[in-house]
Structures are given as structure tokens and as C-alpha cells.
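Structure record follows, encoded as C-alpha cells.
Chain letters run A, B, ... following the sequence lines, proteins first, then strands; residues in each count from 1. What you are looking at is a predicted structure, and each value in this text was computed from that prediction instead of being measured.
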Amino acid sequence: MYTWIWRVLPGGLPGKLVGSLVLIAGVSALLLFIVFPWVEPMLPFNDITVE
Amino acid sequence: MHGDGTRVAARESPDSDQPITDQVSDADEGQVAARSGSRHGAPKAPRRRDARRSGEGLRDGSAAGKKPRSRADLVRTGVAGLGQTLITFGLVVLLFVVYELFVTDLFTNQRQEELTQELRENWGDDPTVSGPDLPGGGLSSIPLGEGFAFIRIPAFGVDYVKVVIEGTDPDELEQGPGHYVDSAMPGELGNFSLAGHRVGKGSPFLDLDRLQPGDSVVIETSDMWFTYVVLGDPTTGSFDADPSGIPGLEIVSPQDVDVVFPIPGVDDSSVEPTAAYLTLTTCHPKFSAEQRLIIHAILNGPGLPRADYPDGPPALTGG
């Protein structure tokens, strides 16, 4: 998968590096701001109340 | 026929990692062929099906130096793919830990600042109006998720101030310590009970286990200061030596709801509370939800009007 991404990224070595960073940042943002907040309430270790 | 043969050959080319579609053009085929290092871009003679089959190995052999897709290569590709997947999964989990420990703090601290500003503005707008946070003002009058008081714990540092939010659902608790909606209000007879996160989400109650008997917990409402002190014997440091029989600190199971009852630990609604308690709950041990760490405190003296004590009660000013 990573090999394939690296190959299809355009722009020679600099372009590939920049493209990789952009992709990493995008995926991280997606995880941090959308996926994790959504998945977090389903996980058990945030229960702090007595009920 | 000519083109057909090329296309089939390209599609079956053992070295192309890219899927070759049926719409592949002659130019693409040339590329694929070139990349694979084979020189059969334009086969000299039309091939019969069986000839192509048997010629496969030969062609692979002619693509010398490149990786022919043998069974071993398939296995290698599969293992590499599995490895990459596992590494990716590990990185995602690692990122989740970072999120839980640090990023949620950023979110919560930002939200706390907003809430602080809102609350200060609400209180500042019209100081003569007693807000819904007054003792006896009615529990239902505070909308869920609205900040209505500040909690300060001098033992955690002078800058420890958190906005207390109505409600203990995850949505509220990710903004700050939350008030159990059925419990008493600050200064009221009964049990003013709060829940807060131990690790992450601003970690408001991270250090609850460091509280000692006699430590102050100061609640600031729109017009009053209420100073609670942690139960127990300050001279010996024993949490269990309080005359009330209520421990200052206890570790209970998540089902032990009686810690937030009007009289902590007394499961009898017919007994009217005669004192104003404060209860803080968080998870225990850290990073776990197995048990709950509970702090009980009792109101120390009457509430002090903020008008008379603009800088805070003696517990905060050190007087």
C-alpha cells in the first residue's frame, strides 16, 4: 500500500515528500477530529460516574 | 489480433503491480511492458492460447533481473501487506493514546475558557439577579451542559479553577467536572456531588488521591463562596476517623451509588440530611474504569457572600 502511494505521488522526490506529509497530516486530522471523538464514547475506560 | 495479444500479455505481465484494466491503451501497455523490462511490446507472431500459456515462463525468464511473480513472491507480498497493516494499526492506536492524554486536554481547556468567560459575563451582567445556581433555586432550572459554579482546590495549586457543569453525561464531562443532577446544590443540606475525569479531558480530578483530611474545596457560585473540607482527622491524616463516620476518601465499585446520596453511604431516603456534604467521584485506578475514587467533604461554616469577600474565602487567601 505504502509502496503504491509512494509511486503514484507526483513531483519527483520533493513532491513525494510534500505529498506524503500532506497525506499524513490529513489522515491524522481525520482521526483526531472525527474518528476518535466518535469512537471514544463506546470505549469503557472513560466511565467516571457511579450509576 | 496484434493489439489483442499485447493487451493480454500486458495484463498477465507478472511484474506490473498496477491492475491493468480492459481500457488500457497501447501507450499504457508500452509503459507496463517497459517497466516490466520485457521486450514483447509487439509480439512478432500471433499466439495461440496454449502457446501463450507455455510461453509464460519463458517470457518471465526473459524479464531478467526483475521479480517474477512466483508463489514465493505472492507469499512475500502477503506478508509485507500484513506487516504494513499491523504497523498502521499500531500507529493509529498510538495516535489514539496521544489523543486521549493530550489532545482532549486541549479541547477541554479551550472549552473551560469559553465557559469561564460565559459564566463571568452572566454573573457580571446583573449582579442583583440571583442566578439559577442559588441553593434551593431548583435543580431543574439549570440546563444540562451549562456552567454554574467554579471549583477551586488550593491543594492542587492556586491556579486550579474549573467550571462546574450541570450533568454527568459524556458530553458534559468532556467539558469539565459535572454535577449529578439529582444531588444538592452548593451550600445546600445534602450532598453536592461532582464527577470528573481522572486522565484526559483536562484531567480535573487527576490528583484526588493526594487530598488530605482537612484540605479545602472551595465552590464559587454567582454570589457566594462555600468552603468544604475533606473529612477525616487532619492531625493523624486518617480518612476514616471522622466523627460523622463518613470516610474522607474511599474506593468503591462503580455500582455504589450511595456515595452520592444526600447523606453519603446512607441508603435511606427517610433520613433527612442535617449537613451539607460535597462528594467528588472519578475513576480508579488511573487509566481504568474498574473502580471509583471518592472524596467526601463537609461544608465548613456558612457560605460567605462574594460581595464581602471579593478575593475569596480564607481558604483561598490563606487568612
Side-chain angles (χ1 to χ4, degrees), chain A, chain B residues 17-18 35 77 80-81 84-85 87-88 91-92 95-100 102-104 106-107 167-174 177-178 180 193-201 204-205 252-261 279-284 286-294:
Chain A
M1 179 178 70
Y2 295 118
T3 325
W4 179 78
I5 293 174
W6 183 256
R7 198 160 54 224
V8 299
L9 279 174
L13 184 61
K16 284 175 189 290
L17 285 175
V18 171
S20 306
L21 290 178
V22 168
L23 279 180
I24 291 171
V27 171
S28 302
L30 183 75
L31 287 172
L32 287 179
F33 296 111
I34 296 171
V35 178
F36 289 164
W38 169 73
V39 88
E40 191 182 23
M42 304 174 201
L43 299 174
F45 48 78
N46 274 305
D47 299 335
I48 49 174
T49 57
V50 288
E51 55 195 18
Chain B
D17 292 312
Q18 278 178 313
R35 196 184 306 138
T77 308
Q84 286 187 353
T85 310
I87 289 173
T88 306
L91 287 176
V92 168
L95 190 65
F96 183 71
V97 172
V98 171
Y99 167 82
E100 277 292 312
F102 303 107
V103 180
T104 58
L106 298 181
F107 291 158
T168 50
D169 290 330
D171 283 348
E172 285 103 35
L173 291 174
E174 72 177 21
Y180 287 83
S193 303
L194 307 177
H197 278 288
R198 189 87 183 267
V199 179
K201 316 284 191 311
F205 288 176
V252 303
S253 89
Q255 289 79 39
D256 284 354
V257 289
D258 57 2
V259 295
V260 297
F261 283 173
T279 293
L280 310 176
T281 73
T282 192
C283 60
H284 186 84
K286 285 173 193 166
F287 306 104
S288 162
E290 207 164 301
Q291 295 173 303
R292 298 291 180 270
L293 175 64
I294 312 292

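For A:Leu31, the part lying under 4.5 angstrom from a heavy atom of chain B is the side chain only. No part of B:Phe205 comes within reach of chain A, as not one of its non-hydrogen atoms sits under 4.5 angstrom from that chain. If you measure heavy-atom distances from B:Thr104 to chain A, the contacts under 4.5 Å come from the side chain alone. Using a 4.5 Å cut-off between heavy atoms, B:Glu290 does not touch chain A at all. At a 4.5 Å heavy-atom cutoff, the contact between B:Leu173 and chain A is made by side-chain atoms alone. For B:Val92, the parts sitting under 4.5 Å from any heavy atom of chain A are the backbone and the side chain alike.
Under the 4.5 Å side-chain criterion, counting only non-hydrogen atoms from C-beta, A:Phe36 is not in contact with B:Glu100. Inter-residue side-chain proximity for B:Phe107 and A:Phe33 is flagged as met; some heavy-atom pair is nearer than 4.5 Å. Residues B:Phe96 and A:Val39 form a side-chain contact, since some pair of their non-hydrogen atoms from C-beta on lies under 4.5 Å apart.
Chain A forms the most heavy-atom pairs under 4.5 Å with one residue out of B:Gly200, B:Gly178, B:Ser288, B:Gly196, and that residue is B:Gly196. Interface remark: of the candidates B:Gln291, B:His284, B:Arg198, B:Lys201, B:Lys201 forms the most heavy-atom pairs closer than 4.5 Å to chain A.
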